[in-house]
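All values reported here derive from a predicted model rather than from experimental measurement. In the text below, chain A, chain B and the rest are named by the order of the sequence lines, each starting its count at 1.
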2 protein chains.
Amino acid sequence: MDTKTLCLATLSLGDATGYEIKKMFEEGSFSHFYDAGFGSIYPALNKMLSEELVNCQYVDQAGRPDKKVYSLTEKGRERLIQELHKAPAFDKIRSECVVMMFFAHLLSDSQTERVFDTYVNQYKQGIQCLQELDLSEAAHGRRFVHGLGLKLYETIVEYMEQHREQLLNPLPDQAPPGAVADDEENLPGGAA
Amino acid sequence: MDTKTLCLATLSLGDATGYEIKKMFEEGSFSHFYDAGFGSIYPALNKMLSEELVNCQYVDQAGRPDKKVYSLTEKGRERLIQELHKAPAFDKIRSECVVMMFFAHLLSDSQTERVFDTYVNQYKQGIQCLQELDLSEAAHGRRFVHGLGLKLYETIVEYMEQHREQLLNPLPDQAPPGAVADDEENLPGGAA
DNA sequence: ATAACCATGTAAATGGTTACATGATTAG
DNA sequence: CTAATCATGTAACCATTTACATGGTTAT
């Protein structure tokens with residue numbers, strides 16, 4: 001699924017600027033299952049304008065560049081529906097944190113902690129974002145997906161907190177030799 | 001994190017061919033947090049060979065092409081550790097199924113069902129893969145990550161099954177107008 | 001017979017990220 | 001005064017995906 005389709009999908013929820021579409025991917029309903037940067041959103045929007053999949057209204061703003069508010073055309077709506085009826089690909093996940101945690105035995109204590117915290121905080125923030133959304137007007141699919149996202153995030157945070165010691169202070173027989181010395185800290189006893 | 005680093009990481013668990021590395025991403029311990037295809041693995045391996053990050057032993061095989069078994073060099077191990085100590089990026093998730101389920105109100109009933117099944121089956125298979133792994137020799141990080149993956153997959157399957165009706169047979173007031181007529185089926189009553 | 005599996009690789013096409021470029025406003 | 005937010009866009013770079021190319025073995 002390319003950025004074009006994602007933009008069409010976003011616009012089906014209401015007119016928006018490229019800037020606002022980006023925010024949807026960062027903080028809004030889409031944050032937990034897709035992302036896109038300006039470098040792919042703006043070109044996608046311009047391509048779709050020339051294909052007549054979207055319309056554009058220019059809104060003058062003092063000082064700032066003109067706001068360009070995009071809206072779906074009928075053709076765009078048809079294209080969106082067509083794309084949504086293709087065979088879905090499997091999920092693609094790229095989690096650097098999980099790779100790093102997998103190789104905890106090669107990490108310094110400080111890096112292990114840093115990765116752990118990054119991961120937990122990412123999903124704690126995600127939970128907050130999802131909880132702040134107003135779904136009173138939302139269609140059933142959106143509610144379903146929202147509930148799934150929330151559940152997943154909560155599961156991650158819960159697992160991380162429950163198994164913190166397993167990662168950060170493993171029992172000696174769980175930590176084979178070859179570990180990296182830490183340049184900053186050195187807990188003499190470990191988990192006492 | 002690029003394919004090169006992922007290959008180094010895989011090789012730190014034991015010598016392997018490109019083909020076997022791919023399998024690790026599909027069925028092994030890595031399946032739930034990263035992926036890579038042949039088109040990126042083989043070039044990565046060759047580049048690393050010229051950078052002396054890996055060694056290669058050719059194993060003759062009757063009929064089949066020579067097997068090329070790669071192993072980490074000391075330089076490769078150092079590079080891996082260096083990469084693992086960088087600041088981790090946030091997770092990137094691309095889930096076409098979730099996008100489609102979000103827009104269930106634009107989908108035909110048959111497509112909704114297809115997407116639902118694709119999603120559930122993906123993670124049911126994932127659970128099976130993870131359960132078949134032998135972790136008796138695994139380091140603590142690997143066990144930690146394995147537990148996390150399993151927990152997440154189980155949570156997804158459980159949520160999907162518990163909320164099946166919400167997606168496939170929503171109550172009328174949860175399904176706003178604009179739904180697409182199905183070309184194959186038509187349930188007259190819905191959830192009575 | 002046919003499909004799937006083992007096994008490696010290249011080239012072209014696609015597409016996404018990063019850095020650059022501009023510039024006013026507002027909050028700390 | 002500085003950083004963040006609003007607002008758009010291009011170009012170079014980087015990486016991945018897909019299709020192509022080869023070819024024997026094993027299971028159905």
Side-chain angles (χ1 to χ4, degrees), chain A residues 1-8 10-11 15-28 30 33-51 54 56-70 83 86-94 96, chain B residues 1-8 10-11 15-28 30 34-50 54 56-70 83 86-94 96:
Chain A
M1 199 171 290
D2 56 17
T3 306
K4 275 160 69 176
T5 308
L6 270 324
C7 288
L8 288 177
T10 307
L11 291 175
D15 299 351
T17 65
Y19 192 85
E20 286 164 349
I21 291 173
K22 172 98 191 298
K23 273 210 304 193
M24 282 279 286
F25 285 113
E26 277 171 353
E27 304 157 24
F30 283 2
F33 54 90
Y34 247 98
D35 61 87
F38 287 131
S40 55
I41 291 172
Y42 286 124
L45 250 13
N46 283 321
K47 257 179 244 164
M48 293 198 295
L49 197 59
S50 65
E51 291 177 67
V54 295
C56 179
Q57 266 183 273
Y58 294 76
V59 178
D60 252 43
Q61 295 199 131
R64 296 201 186 84
D66 285 4
K67 209 190 259 194
K68 294 169 82 170
V69 180
Y70 292 92
E83 292 289 330
K86 288 186 175 172
F90 286 153
D91 287 4
K92 269 176 202 172
I93 299 171
R94 327 213 122 181
E96 297 194 357
Chain B
M1 199 172 289
D2 57 18
T3 307
K4 274 160 68 176
T5 307
L6 270 325
C7 288
L8 288 176
T10 307
L11 291 175
D15 299 353
T17 64
Y19 192 85
E20 286 164 348
I21 290 173
K22 172 101 191 297
K23 274 209 304 194
M24 282 279 286
F25 285 114
E26 276 171 354
E27 304 157 23
F30 283 3
Y34 247 97
D35 61 87
F38 288 131
S40 56
I41 291 172
Y42 286 124
L45 250 14
N46 283 320
K47 256 178 244 164
M48 292 198 296
L49 197 59
S50 66
V54 295
C56 178
Q57 265 184 273
Y58 295 79
V59 178
D60 252 43
Q61 295 199 130
R64 297 203 185 83
D66 285 3
K67 209 190 259 195
K68 294 168 83 171
V69 180
Y70 292 92
E83 292 289 329
K86 288 186 176 174
F90 286 153
D91 287 5
K92 270 177 202 170
I93 298 171
R94 326 212 124 179
E96 296 194 358

Taking OP1 and OP2 of D:dT8, is either one under 4.0 Å from a side-chain nitrogen or oxygen of A:Thr17? yes
Once you round it to whole Å, what is the distance between C1' of C:dG15 and CD1 of A:Ile41? 14 Å
Nearest-nucleotide 5' precedence on DNA chain C, B:Gly39 against B:Lys92: B:Gly39
Of the candidate nucleotides C:dA7, D:dT10, C:dT17, which contains the atom at the shortest distance from the side chain of A:Ser40? C:dT17
Between C:dT17, D:dT8, D:dT16, which one does the side chain of A:Tyr19 approach most closely? D:dT8
Mind calculating the distance between CE (B:Met48) and P (C:dG9) to the nearest angstrom? 12 Å
B:Tyr42 has a side chain; which of C:dT17, C:dG9, D:dT8 sits nearest to it? C:dG9
Nearest-angstrom distance from the residue atom OH of A:Tyr34 to P of C:dT17: 11 Å
If you count the non-hydrogen atoms of other residues, nucleotides and ligands that lie under 6.0 Å from CD in B:Glu26, is the total more than 12? yes
Rounding to 0.5 Å, atoms CG (A:Leu11) and CD1 (A:Ile21) come to a distance of 4.5 Å
Rounding to a whole Å, what distance do you find between A:Glu96:CD and C:dT17:C1'? 13 Å
Taking for each residue the nucleotide of DNA chain C bearing the nearest heavy atom, is the 5' side occupied by A:Met1 or by B:Asn46? B:Asn46
Give the rounded distance in Å between these two atoms: NZ of B:Lys4 and C1' of D:dT16. 15 Å
From D:dG9, C:dT8, C:dT10, nucleotide with atom closest to A:Tyr70 side chain: D:dG9
Between C:dG15 (C1') and A:Phe38 (CZ): distance, integer Å: 19 Å
Kindly give the heavy-atom pair with the smallest separation between B:Asp35 and B:Phe25, and that separation in Å. CA-CD2, 4.0 Å
Candidate pair A:Glu51 and A:Lys4, rule salt bridge (Lys or Arg N to Asp or Glu O under 4.0 Å), full reasoning: CA-CA 11 Å; A:Glu51 291 177 67; A:Lys4 275 160 69 176; 2.9 Å; yes
Side chain of A:Arg94 - closest among D:dA7, D:dT16, C:dT10: D:dT16
Using whole Å, what does the distance between atom C1' of nucleotide C:dC5 and atom CD of B:Glu27 come to? 11 Å
Could you tell me how far apart B:Phe25 (CZ) and D:dT16 (C1') are, to the nearest whole angstrom? 13 Å
When the ring centroid of A:Phe38 is compared with that of A:Tyr42, is the distance short of 6.0 Å? yes
Looking only at side-chain N and O atoms, does A:Lys68 come under 4.0 Å of OP1 or OP2 in D:dT8? no
From C-beta outward on B:Lys67, which listed nucleotide comes closest to its side chain: C:dT8, D:dT16, C:dT10? C:dT8
